[in-house]
Amino acid sequence: MYRTHTCGELRIENAGNEVTLAGWVQRVRDLGAMTFVDLRDRYGITQLVVDENTDKAVAVAIVELGREFVIQAIGTVRERQSKNKNIPTGEVEIALSEINVLSPAELPPFTIQDDTDGGDDLRMKYRYLDLRRDAVRENLVLRSKMAHAVRNYLNSKDFIETETPVLIKSTPEGARDFIVPSRMNEGQFYALPQSPQTFKQLLMIAGFDRYYQIVKCFRDEDLRADRQPEFTQIDCEMSFVEQKDVLEMFEGLTRHMFKETLNVEVDEFPWMPYSEAMEKYGSDKPDTRFEMLINDITETVKGKDFVVFDSAEYIGAICAKGCAEYTRKQLDGLTNWVKRPQIGAKGLVYVKCNEDGTFKSSVDKFYSQDDLKAWAEKTGAEAGDLILVMSGDKKHMLDALGELRLEMGKQLGLRDKNVFKPLWVVDFPLLEWDEESKRFYAMHHPFTSPKPEDIELMDTDPGKVRANAYDLVINGVEIGGGSVRIFDSELQSKMFSLLGFTKEEAEAQFGFLMKAFKFGAPPHAGIAFGFDRLVSLFAGLDTIRDVIAFPKNNAGRDVMIDSPSAVAEAQLDELNLKLNLKEKK
RNA sequence: GGUGGCGUAGUUCAGUUGGUUAGAAUAUCGGCCUGUCACGCCGAGGGUCGCGAGUUCGAGUCUCGUCGUCACCGCCA
């Protein structure tokens, strides 16, 4: 062994011990007649000291040390004359008797310390150096603990951890697949899984009863701060269960993770229908840390000759508590904010509810004090509050009001990272109409079961059919989702035909699954959590990159290893591939 | 595919209305220093202002293009 102790464990009780440490040089403080060296490893920092009693050879060697050298230090633990209360090893130091440079280091491009001077690009390029920093490493330690908590919990509930293939088959539904050419099967391709969906259902048919896997999934779509081309799911499936059973089980899992890793107790998870989430929060992933609900005031405000409102399909409002004092500048700022192309609202109407009980609005020309009072009653606004109103087509306005609500919540400091408000959003629509291709798409995926009471609607009004599908949402982040599955091959066929598959297409794409259903399929349901998002939420971060050891950038590139990259002509030839790159304009 | 921000010393940034030799902090190197722990003090070196074109007597600064990066919309469960 290169060491007898780590750099984080020596204490005053060890005084007098002969020890050997190994680690990285954090900093050298040369005071002339004596020199201090901070030696770092993942466990902590221990101070080494050279003074007039130290062997000359050691004193000479210490001068040559630079940042991030890897050294072995041998010496005696002793009590410090001046102690450092800020670190656990601060009462002791090592009087050096021998020092060995195990590996010298070039000067790092940024400093390895908590408040590093490195920008994002540089830290990504030298990710292995960034990972030496406590702050970054701690995120990955948290991730490891959370993965352990998942396994402990699910193992205790008789789940079987099963691996499923990574080289699978491309399917047309859902996200774009990453594809992998097959050398042995000329002209054919594997796809990397967007999720192990069909395999976990087959495991249920195989009688595994309870399955889970912490598994990499792949989607070839454009990226965001919370989206990577490869990401990790906690993937689960259960047999002989209904929606309620799944939600209880995974509420238990979530609660267990909060308790084990953050020592946080969270309230029972409320169930909110999708329709309510959309109407009151303007989102299918509501942030329930604060109220400021959206109110439909369409009927209240129409008929006063204000043409903008009278011609609108929907008029909605939110009430920002205590914001009546907003200045003209602030209100203009909000107006411009909602008029940005990303939100795309035409404008913003405000009503200030003054402390003296009067109202001041941007539409005073059309509305009396009594009219505005009615608005206030409708939105629950009291003296000192600010009502913000938008009008237009309903779907768009709910979306815009939802965004404005989040922005106001942010401005008012209502989105506290240390508060966790989980909920289940349930009763999602089964299908989603796509204007462009004039067909229905599965909102969740094609194996999702409709609610039994809505099955009749599949023939008459498919868009109205609700699914036994559910999402776990925490603090406005979609953490995961799942559904009760179809286990009847007749119903599954019907679903495929609603999605516009011909019998032949369905057979070619999912024949193996439909066939399997004919050999005795148990009722089953499942769920998958986005593990990266869950870890970043627990860590209080806005990006999942910081909880992934080696993440990719905005464009799906790994700037450290520089991938993706071109391959040799011979490799392409072996795969019978020819590039056909389009000319850039 | 689209919109916007950023790109200046190893690093993080400042740089006025377009005007002399592009600055600060930090890091690095050298000197001094016996209790530092963000050590301190003195000194030094360090620049293709992302790249290319244009406007101009003159461009870090203005315009266009391009590359890189980040955020968002489209896309994605």
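Below, read A as the first sequence line, B as the second, and so on, with proteins coming before strands; counting in each chain starts at 1. All values reported here derive from a predicted model rather than from experimental measurement.
Protein atom CG of A:Asp134 is 14 Å distant from nucleotide atom P of B:A38, rounded to whole Å. When rounded to the nearest whole Å, the span between NZ of A:Lys285 and C1' of B:A77 equals 11 Å. If you take CD of A:Glu64 and C1' of B:G30, they are 14 Å apart, rounded to a whole angstrom. Spacing between atom CG of A:Asn86 and atom P of B:C39 amounts to 13 Å, rounded to whole angstrom units. Spacing between atom CD of A:Glu91 and atom P of B:U36 amounts to 16 Å, rounded to whole angstrom units. One atom, CD of A:Glu403, and another, C1' of B:C72, lie 10 Å apart when rounded to the nearest Å. Distance, A:Met443 CE to B:C76 P: 12 Å, rounded to whole Å. If you take CD1 of A:Ile234 and C1' of B:A77, they are 15 Å apart, rounded to a whole angstrom.
Rounded to whole Å, the P atom of B:G50 lies 13 Å from the corresponding atom of B:U12. Across B:A53 and B:G58, the matching P atoms stand 15 Å from one another, rounded to whole Å. Nucleotides B:G45 and B:G23 place their P atoms 13 Å apart, quoted to the nearest Å. Atom P of B:A22 sits at a distance of 10 Å from the matching atom of B:G60, rounded to the whole Å. For the P atoms, the distance from B:C6 to B:C13 is 12 Å, rounded to whole Å. Nucleotides B:A27 and B:A44 are separated by 14 Å at their C1' atoms, to the nearest Å. B:U66 and B:G47 have their P atoms separated by 31 Å, given to the nearest Å. Separation of the C1' atoms belonging to B:C49 and B:G15 is 11 Å when rounded to the nearest angstrom.
For RNA chain B, if you chain together Watson-Crick or G-U pairs that step i with j, i+1 with j-1 and so on, the runs of at least three with distances under 3.5 Å are B:1-7 with B:67-73, B:10-13 with B:23-26, B:28-32 with B:40-44, B:50-54 with B:62-66.
Within the 4.0 angstrom heavy-atom criterion, base atoms lie near A:Leu31.
Contact annotation: side chain of A:Arg557 to base of B:U69, donor-acceptor pair absent below 3.5 Å. In terms of polar N and O atoms assigned as donor or acceptor, the side chain of A:Asp222 comes within less than 3.5 Å of the base of B:G74 in a complementary pairing.
With the nearest nucleotide of RNA chain B identified for both A:Asp471 and A:Thr543, A:Thr543 has the one nearer the 5' end. Between A:Met34 and A:Thr111, the one whose closest nucleotide on RNA chain B sits nearer the 5' end is A:Thr111.
You'll find that the side chain of A:Ala33 is closest to B:U34, out of B:C37, B:U69, B:U34. Side-chain proximity of A:Ala175 to the nucleotides B:U69, B:U36, B:A77 is greatest for B:A77. Checking B:A38, B:U69, B:G35 against the side-chain heavy atoms of A:Arg27 singles out B:A38 as nearest. When distances are taken from the side chain of A:Phe36 to each of B:A77, B:U36, B:C76, the shortest belongs to B:U36. Here the side chain of A:Glu52 is nearest to one of B:U34, B:G35, B:C75, namely B:U34. Taking only side-chain atoms of A:Gln342, from C-beta outward, the nucleotide of B:C72, B:G35, B:U69 with the closest atom is B:C72. For A:Ala225, counting side-chain heavy atoms from C-beta on, the closest listed nucleotide (B:A71, B:U69, B:A77) is B:A71.
Put simply, A:Arg227 has no side-chain N or O that comes within less than 4.0 Å of OP1 or OP2 on B:A77. For A:Arg224 and B:C73, the shortest distance from a side-chain N or O to OP1 or OP2 is below 4.0 Å. Contact annotation: A:Arg67 reaches the phosphate of B:U28 (side-chain N/O to OP1 or OP2, under 4.0 Å). OP1 or OP2 of B:A71 has at least one side-chain nitrogen or oxygen of A:Arg545 nearer than 4.0 Å. Taking only side-chain nitrogens and oxygens, A:Asn553 comes nearer than 4.0 Å to OP1 or OP2 of B:U69. Dashed line: the shortest gap from a side-chain N or O of A:Arg29 to OP1 or OP2 of B:C39 is under 4.0 Å. A close approach under 4.0 Å does occur between a side-chain nitrogen or oxygen of A:Asn554 and OP1 or OP2 of B:A71.
Ring planes of A:Phe538 and A:Phe420: tilted class, angle from 30 to 60°. In this structure, A:Phe269 and A:Trp424 have tilted ring planes: the angle between them lies in the 30° to 60° band. Using bins of under 30°, 30° to 60° and over 60° for the plane-to-plane angle, the ring pair A:Tyr128/A:Tyr126 lands in the perpendicular bin.
With A:Thr232 as the fixed residue, the side chain to side chain donor-acceptor pair (under 3.5 Å) test singles out one of A:Arg533, A:Lys216, A:Arg143: A:Arg143. A salt bridge (charged side-chain N to carboxylate O under 4.0 Å, His left out) with A:Glu93 is found for one member of A:Arg78, A:Lys83, A:Arg11 and no other, namely A:Arg78.
Of the inter-residue distances, the one linking A:Arg133 atom CZ with A:Thr111 atom OG1 reads 8.0 Å to the nearest 0.5 angstrom.
With A:Tyr441 as the aromatic partner, A:Arg439 meets the cation-pi criteria of under 6.0 angstrom to the ring centre and within 45 degrees of the ring axis.
Under the salt bridge (Lys or Arg N to Asp or Glu O under 4.0 Å) criterion, the residue pairs touching residues 390-403 of chain A are A:Glu279-A:Lys394, with sequence neighbours excluded.
Checking A:Arg485 against A:Gln492 by side-chain atom types alone, no donor-acceptor pair falls below 3.5 Å. Looking only at atom types and distance, the side chain of A:Asn468 has a donor-acceptor partner in the side chain of A:Lys451 under 3.5 Å away.
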